[in-house]
Amino acid sequence: MGNVVTDDKIPNNVNLSGDKRLQRALEAWQPQFIDWWKQMGPLGWQEKDIYLRTAVSVETDGWAHFDHVKMPDYRWGIFLEPQKEGRTHGFGDLYGQPVWQEVPGEFRNLMKRLIVTQGDTEPASVEQQRDLGATAPSLYDLRNLFQVNVEEGRHLWAMVYLLHTYFGRDGREEAEELLARRSGDVDKPRILGAFNEPTSHWLSFFMFTMFTDRDGKYQLSALAESGFDPLARTCRFMLTEEAHHMFVGESGVQRVVKRSCQLMKETNGDPRSVGGIDLPTIQKYANLWYSLSLDLFGGEVSSNAADAFAAGIKGRYKEDRYDEHKLVGSHFAMDVLEGGKVVHKDVPMRNALNEVLRTEYIKDCQRGVDRWNKTIKDEGVDFQITLPSNKFHRQIGMWSGHYFAPDGQMIDQATFEARRGEWLPNAADETYIKSLMKPVYERGKMANWIAPPAKGINGLPEDFEYVRLP
Ligand SMILES: [Fe+2]
Ligand SMILES: [Fe+2]
């Protein structure tokens, strides 16, 4: 097992041809994947040449190979970070013992559930975004959308590789189910809530890649610490791709914010009058996607999280930063709901690990929001985008079923419903944003509601032909 990528049907650095049974199983899954991609992937763009980055090896110079390619010909492959000799469990009850190269029987179900749940998000987001190609604000953005889409497809491959390799028949069945569920489908929905929400326009797409893909970063980081070594190595490589998705989101919103400020100045504060997006509306979409993404971390106090940590399966974000890795007898101070009131108290650390991870995520989101606010300030506009309280608009965990204002104040349901449209996008906002979504497919041109990017892809100019149109 190494860095050499074989030239098989399925590009890989896991010596797939050395395991004929596995190779046959994955080669049988491959056409099903392509069928799913053609059916549920970007609508109307399958035959076009797109300037895409393809991983051809895990070496620093090999994982970012750029060329024009038709999406169904994209080389979806299996890439794991090279194995490190002598790696040991970095946390949990087995701290310091050699990591596993196979799944231990007692943790099989827990591990399978984590892999399936992660795997399910990957095709879900492709499905959520499949219509966006009809309305991209530029060829640069169109190309970025497809880059994110093909890489989410590759992330599905990464999880399916683990299911096929380590979970036998069950794993193969789960891999088929991953292609059978559909985002937003009443009968066969995707597993997690945020992945069933429509991403019906580009402002939601940028918010999704800013906030929801960033949840992915934190989940993958926690799994990258895993004592199940193949899972850790898979997630480490996925993280290199994930960084670009968050760049698309953060810089996308930043460009919308910038344009909003410019149009405000041109119109005496009313960018909507000239087809722009106003800052308060941007704030509402941030509130929506941020709160949906907070749900993805799961319950605030969780015995599942404690079990996964104890077992050495799911660690913390950058476990190396901590001195203590067993977390027996330590506590985390956090808000909890007791007798209908919010109280701040110590929770046993292992049970608080979802909240610990969510806290790291929140800090990371705040850094991005700070950069948006710097753009607003640089434009000379007096406005700040803020992240709402982690209790606002939650559907999962302790705060769901209770009502909070964006500032974290507990309110009653009637008040929340009365003010919902101020805090979250309402039907009129949706209609307005959708009305702006007209494709701009002339090289170097940009829709009026968004500023051009600071620079092009791979050192190329902004007016490069990122997508070849006939
Ligand atoms: Fe992903
Ligand atoms: Fe992603």
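Residues take their numbers from the sequence shown, with the count starting at 1. Keep in mind the model is a prediction, meaning the values are calculated, not measured. Each ligand, and each atom within it, is numbered from 1 in the order the structure gives.
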key: salt_bridge(Glu300, Arg394) N-O dist < 4.0 Å   = yes
message = Check this for me, if you would: do Arg321 and Glu360 make a salt bridge, where the nitrogen-to-carboxylate-oxygen distance has to be below 4.0 angstrom?
response = yes
query = Could Asp185 and Arg181 be called an ion pair, given the rule that one side-chain N must be under 4.0 Å from one carboxylate O?
reply = no
request  = Using a strict 4.0 Å threshold on nitrogen-to-oxygen distance, state whether Arg358 and Asp215 make a salt bridge.
outcome  = no
query = Is Lys434 salt-bridged to Asp429, going by a charged N under 4.0 Å from an acidic O?
reply = no
query = ring pair (Phe, Tyr, Trp, His ring centres under 6.0 Å): which pairs involve residues 279-303, sequence neighbours left out?
reply = His201-Tyr285, Phe208-Trp289, Phe211-Tyr290, Phe297-Tyr361
task = Pull up every protein N/O/S atom sitting under 2.8 Å from the Fe ion (ligand 2), skipping waters.
result = Glu152 OE2, Asp213 OD1, Glu242 OE2, His245 ND1
